[in-house]
Amino acid sequence: MLEFLLEMDGKILLFIQEYLRFPWLTEILKFITALGNGGMIWIILAAVFLCMKRYRKTGIAMAVALLIGYLVANLLLKNLFGRIRPYDAVAGLQALVGPLWDSSFPSGHTTSSVAAAFVMLKGTPRYLGVTGMVLAVLIAFSRLYLGVHYPTDVLVGALVGLFAAFSAKYTVKIG
């Protein structure tokens, strides 16, 4: 089963490279992925919400979710698994950014994006929460498009992000 998943990971990335990469889209997705670098867009949004009395609890929950996601994904799982980046393992795959210094599994960009955006979905008006989730999905897809994560990295990053968001939501008691 594991061998099948690894094979499918590579095939999906090569499919994206062959059929979904376009010069105009590459520039857009490089920008979108940069928004997720270090969770920066989500940290900024959490800080903005912290400054607004109406959304202060949401800002706190976002910060807690980001911290939990970072601890689980970046400090625990990345170091535990040490998975090499797909551009170093999948024959013919060309990364559009990089090289990156940390391991591939799970996607930290996806973890922070899903963690923060899901908290936004629960703690802000629907239009803000949906906008946050759309951005999270775009950031997650950008990691595949750019060739720096496997699909399973992104999937597990999303699951860790959901875990972090639910943990923060119940700890801070929002939505």
Side-chain angles (χ1 to χ4, degrees), residues 1-14 16-17 29-47 50 59-122 132-133 135-172:
M1 181 65 166
L2 181 60
E3 189 174 307
F4 173 77
L5 280 175
L6 295 174
E7 184 178 328
M8 287 307 300
D9 266 351
K11 286 183 178 184
I12 291 168
L13 291 174
L14 291 172
I16 291 169
Q17 177 175 277
L29 290 178
K30 282 182 178 180
F31 172 77
I32 287 172
T33 214
L35 292 174
N37 288 350
M40 197 51 60
I41 188 69
W42 307 111
I43 293 168
I44 291 168
L45 286 170
L50 283 168
I60 292 167
M62 285 175 71
V64 169
L66 288 166
L67 179 61
I68 292 169
Y70 176 77
L71 292 172
V72 173
N74 292 67
L75 294 185
L76 177 65
L77 296 176
K78 280 186 181 280
N79 289 314
L80 185 63
F81 288 95
R83 188 178 194 186
I84 63 171
R85 295 282 177 170
Y87 52 80
D88 288 329
V90 177
L93 182 65
Q94 298 173 349
L96 299 177
V97 297
L100 303 175
W101 59 271
D102 62 346
S103 62
S104 187
F105 181 87
S107 168
H109 278 70
T110 303
T111 298
S112 63
S113 296
V114 170
F118 192 79
V119 169
M120 283 179 60
L121 189 63
K122 295 301 180 184
M133 288 303 296
L135 180 58
V137 168
L138 289 172
I139 289 172
F141 176 72
S142 75
R143 306 308 284 166
L144 301 174
Y145 181 93
L146 297 172
V148 295
H149 277 293
Y150 298 94
T152 50
D153 298 343
V154 169
L155 176 62
V156 172
L159 292 174
V160 172
L162 284 173
F163 167 77
F166 276 107
S167 298
K169 179 181 176 295
Y170 290 111
T171 301
V172 180

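The shown structure was predicted, so the numbers you read here are calculated from the model rather than taken from an experiment.
Contact record, I43 with G38: CD1-O, 3.5 Å, taken as the closest heavy-atom pair. Here the shortest heavy-atom pairing between A168 and A61 reads CB-O, 3.3 Å. The two residues G39 and S112 have their closest heavy-atom pair at CA-OG, 3.9 Å. When every heavy atom of L50 is checked against every heavy atom of G59, the shortest pair comes out as CD2-C, 3.8 Å. Of all the heavy atoms in V90 and G10, the pair that sits closest is CG2-CA, 4.0 Å. Of all the heavy atoms in A95 and G147, the pair that sits closest is CB-O, 4.1 Å.
Side-chain contact between H149 and T110 is absent, with no heavy-atom pair separated by less than 4.5 Å. At a threshold of 4.5 Å between non-hydrogen side-chain atoms, the residues L71 and L76 do not count as touching.
Side-chain atoms of T171 come within 3.5 Å of backbone atoms of S167 as a donor-acceptor pair (strictly under, hydrogens ignored). Of the possible polar contacts, one joining the K78 side chain to the P106 backbone as a donor-acceptor pair under 3.5 Å is found. Judged purely by atom type and a 3.5 angstrom limit, T111 uses its side chain to pair as donor or acceptor with the backbone of G157. Q17 places a side-chain N or O within donor-acceptor distance of the main-chain N or O of G92, the cut-off being under 3.5 Å. The backbone N or O of I139 lies less than 3.5 Å from a partner atom in the side chain of S142, making a donor-acceptor pair.
With sequence neighbours left out, E3 forms a side-chain contact (heavy atoms from CB on, under 4.5 Å) with no residue at all. Residues that satisfy the side-chain contact (heavy atoms from CB on, under 4.5 Å) test with A89, not counting sequence neighbours, are I84, Y150. Evaluation of the side-chain contact (heavy atoms from CB on, under 4.5 Å) rule for I12 yields I16, P151 as partners, not counting sequence neighbours.
Applying ring pair (Phe, Tyr, Trp, His ring centres under 6.0 Å) to F118 and the options W42, F163, F166 leaves one that passes, F166. Partner of Y145 under the side-chain contact (heavy atoms from CB on, under 4.5 Å) criterion, out of L13, L96, I32: L96 alone.
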Verify side chain to side chain contact (heavy atoms under 4.5 Å, CB included) between M40 and L35, making sure each step is shown before the conclusion. CA-CA 6 Å; M40 197 51 60; L35 292 174; over 6 Å; no
Please lay out, stage by stage, how F141 and V154 fare under the test side chain to side chain contact (heavy atoms under 4.5 Å, CB included). CA-CA 8 Å; F141 176 72; V154 169; over 6 Å; no
Which is it for R143 and D153 under the side chain to side chain contact (heavy atoms under 4.5 Å, CB included) test, yes or no, and what are the steps along the way? CA-CA 9 Å; R143 306 308 284 166; D153 298 343; over 6 Å; no
Full working for side chain to side chain contact (heavy atoms under 4.5 Å, CB included) between V64 and K169: CA-CA 9 Å; V64 169; K169 179 181 176 295; over 6 Å; no
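The aromatic rings of F81 and F105 sit perpendicular, their planes meeting at an angle over 60°, well past the 30° parallel limit.
Within 6.0 Å of NZ in K11 there are 12 or fewer heavy atoms belonging to other residues, nucleotides or ligands.
We find the OG-CG distance between S107 and L77 to be 12.0 Å, quoted to the nearest 0.5 Å. Between the OG1 atom of T152 and the CE atom of M8 there is a distance of 11.0 Å, given to the nearest 0.5 Å. Atom CG of residue L146 and atom NZ of residue K30 lie 7.5 Å apart, to the nearest 0.5 angstrom.
The existence of a salt bridge linking D9 and R83 is confirmed by a sub-4.0 Å separation between a basic side-chain nitrogen and an acidic carboxylate oxygen.
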